[in-house]
Colleague: 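I have a structure here, written as structure tokens, and I will follow up with some questions on it.
Every chain is numbered from 1 and lettered A, B, ... according to where its sequence line falls, protein lines coming before strand lines.
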There are 2 protein chains.
Amino acid sequence: MMNVLEQITQNLEKLSKSERKVADVIQASPKTAIHSSIAALAKMADVSEPTVNRFCRRMDTKGFPDFKLHLAQSLANGTPYVNRNVEETDNVEEYTTKIYDSTLASLDRSKQMIDTAAINRAVDILTQAKKISFFGLGASASVAQDALNKFFRFNVPVASYEDALMQRMSCINSTEGDVIVFISHTGRTKSLVDIAQIDKQNDANVIGITARNSPLADACHLVISTEIPEDTDLYMPMASRIGQLVIIDVLATGFTLRRGSKFRENLQKVKQGIRDSRYTKTPD
Amino acid sequence: MMNVLEQITQNLEKLSKSERKVADVIQASPKTAIHSSIAALAKMADVSEPTVNRFCRRMDTKGFPDFKLHLAQSLANGTPYVNRNVEETDNVEEYTTKIYDSTLASLDRSKQMIDTAAINRAVDILTQAKKISFFGLGASASVAQDALNKFFRFNVPVASYEDALMQRMSCINSTEGDVIVFISHTGRTKSLVDIAQIDKQNDANVIGITARNSPLADACHLVISTEIPEDTDLYMPMASRIGQLVIIDVLATGFTLRRGSKFRENLQKVKQGIRDSRYTKTPD
DNA sequence: TAAAAAAGTGTAATTTTATTACATTTGACT
DNA sequence: AGTCAAATGTAATAAAATTACACTTTTTTA
């Protein structure tokens, strides 16, 4: 079912005068609401108890207790939406919690907004690629490297250069059947945009994990956006690159699923190879 | 307050026989629990109603209704308690949601379990370092590269090699005042353990972002654990490396805070340099 | 525009649900 | 075996939510 707080906002018009009072009180302080009885809430809104009950039913809940349950859930999801910025005076616990919270909030937002149709098309394109390249610069370079590491296991020709010059050289010879994935949070890194345009001219398939409506996005055939509003001009990239990584995970997962079970047996062999370079779990 | 479901898991030992029955019923089907009355739940667990009430109080809630509220909130956070594994038959929406959910769940868990004292000591050590190195292999190599990218901006001597041989060579000359950060999810990668031991012998400061009680952890002076239970023998590393990245973020943040405001002005200059290589936000 | 209908709201009774007080049982330790 | 404390249940009580119904306001239409 839908988020109750949004439900309230949307149906605000359709409510009667008294029910509206109830809505106002709840919106003003939902945290108080979930800890109040129907009598207390009725008093706060200056209406009768049945009115509160009727309000709850109008919000598609079974009654007041059920409504409180839903409200509690909305609150649990909604609390981290505030971007909690680190202050100079914060101690360890404080800045640690803030960083975790804003990462969680960003990922949650990304989850809500993600365009699965775009993901699906990207998986289509990737599975049919003759060769896959991942390009990123700065913080996105390590994301590209991570993608390389994942797709390398799939036994497809895959490349990644963190050097802008190497990237440029590799794109000169790109051709139909090649897929190049550009990773950039802002989508405004000049050299990446240049390269993407050349790739596009060479009929290579260009995918961007980047911001909508950016110069880089314009140069791509397909754009996947994390929808994470991080200002990397001012702050170090944090949540943004984590959003990119989760998209890499999703693409890699889609890739293996599309390739079928035969293919996944092969994956196990690569895994086995890695395992031999490790200490066993119970060394003593 | 803490996640109620975890609270139950943790206090499982301390519960009496009957209260344990209640815990079992709730854990088996928390969704049913939040929609049941105390009478219904008591019947399910085959105990009396006051027992259920006492159980709720033991979980640091005011009573049964309050307990249900907390439970609802725990459930709302992405149903984090179950690890939702991707199935062969999943469609795009399904596997995308599952990956986001399990990443969110892992991060949330990591947030709860993180040892901020260890973080604090790590920041101490890092701020006093003459030189910092980040080493990781495979999926953790890109995490090391990300760390390099972050700390590079801080204008401290920093290095990272993804090649096992280069890592080995660099550690031969390590000395007091050097800090080496090893990144490994399992903590059982042989070559990293070897190198860590040499570094330790050379009186360098060895920090591990790795699993507790692992061979690598034993070779480190200080261990920071993400507490993310991902079996990277069977599956591709996903949530594990994201947990590592958030720890890098936390360390980098702690580092800048510790260095004070003068230092952060310097950071702005580096940022300015990067900005010049970008298209402005409103290119048209 | 006045009467009828409909929608909205409140009061009080009823029902459901949760909590408390106390009695009984269980089990551990003399 | 007997005593004590902890655990659990029974039954009474209190709290909370819902329902039924009456009154009030608003809207419709003759």
Colleague: Answer with base, sugar-phosphate or nothing: what part of the nucleic acid does B:Arg20 contact at a heavy-atom distance below 4.0 Å?
Modeller: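 Result for B:Arg20 = nothing.
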Colleague: Walk along DNA chain D from 5' to 3' and tell me the first and last nucleotide with an atom closer than 4.0 Å to a non-hydrogen atom of chain B.
Modeller: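 Contacts span D:dA7 to D:dT10, reading 5' to 3'.
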Colleague: Reckon B:Arg57 has a side-chain N or O less than 4.0 Å from the OP1 or OP2 of C:dT20?
Modeller: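 The answer is yes; a side-chain N or O of B:Arg57 sits under 4.0 Å from OP1 or OP2.
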Colleague: Within the 4.0 Å limit for protein heavy atoms, which parts of nucleotides 6-12 of chain C are touched? Write it as a string from 5' to 3', B for base, S for sugar-phosphate only, - for none.
Modeller: --SBBB-
Colleague: With sequence neighbours left out, write down each residue that passes side chain to side chain contact (heavy atoms under 4.5 Å, CB included) with A:Asn11, or none if nothing qualifies.
Modeller: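 Partners of A:Asn11 by the side chain to side chain contact (heavy atoms under 4.5 Å, CB included) criterion, ordered by chain and then number, come out as A:Met59.
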Colleague: B:Thr116: which residues meet the side chain to side chain donor-acceptor pair (under 3.5 Å) condition with it, sequence neighbours left out?
Modeller: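 Partners of B:Thr116 by the side chain to side chain donor-acceptor pair (under 3.5 Å) criterion, ordered by chain and then number, come out as A:Glu93.
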Colleague: Go through the structure and list residues passing side chain to side chain donor-acceptor pair (under 3.5 Å) with B:Gln128, not counting sequence neighbours.
Modeller: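 If we apply the side chain to side chain donor-acceptor pair (under 3.5 Å) test to B:Gln128, skipping adjacent residues, there are no hits.
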Colleague: Does a salt bridge link A:Arg121 with A:Asp115, judged by any charged N lying under 4.0 Å from a carboxylate O?
Modeller: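 Not counted as a salt bridge, because no side-chain N and carboxylate O are separated by less than 4.0 Å.
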Colleague: Would you indicate whether B:Lys200, at its atom NZ, is surrounded by more than 12 heavy atoms from other residues, nucleotides or ligands within a distance under 6.0 Å?
Modeller: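 Yes - once you tally the heavy atoms of other residues, nucleotides and ligands closer than 6.0 Å, there are more than 12.
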Colleague: Can any side-chain N or O of B:Glu94 pair as donor or acceptor with the backbone N or O of B:Asn91 at less than 3.5 Å?
Modeller: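 Yes; at least one donor-acceptor contact below 3.5 Å.
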Colleague: Quick one: B:Leu41 CG to C:dT19 C1', roughly how many Å, whole number?
Modeller: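 Computing the B:Leu41:CG to C:dT19:C1' distance gives 16 Å.
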Colleague: Nearest whole Å is fine: how far is C:dT15 C1' from A:Ile38 CD1?
Modeller: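 In whole Å, C:dT15 C1' and A:Ile38 CD1 are 14 Å from each other.
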Colleague: Could you tell me the separation between the NZ atom of A:Lys62 and the P atom of C:dT16, rounded to a whole number of Å?
Modeller: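 To the nearest whole Å, that distance equals 15 Å.
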Colleague: Taking the six-membered ring for Trp, are A:His70 and B:His35 parallel (under 30°), tilted (30 to 60°) or perpendicular (over 60°)?
Modeller: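 Ring orientation, 0 to 90° scale: tilted.
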Colleague: Which residues satisfy the side chain to side chain donor-acceptor pair (under 3.5 Å) test with B:Tyr100, sequence neighbours excluded?
Modeller: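 If we apply the side chain to side chain donor-acceptor pair (under 3.5 Å) test to B:Tyr100, skipping adjacent residues, the hits are A:Ser110.
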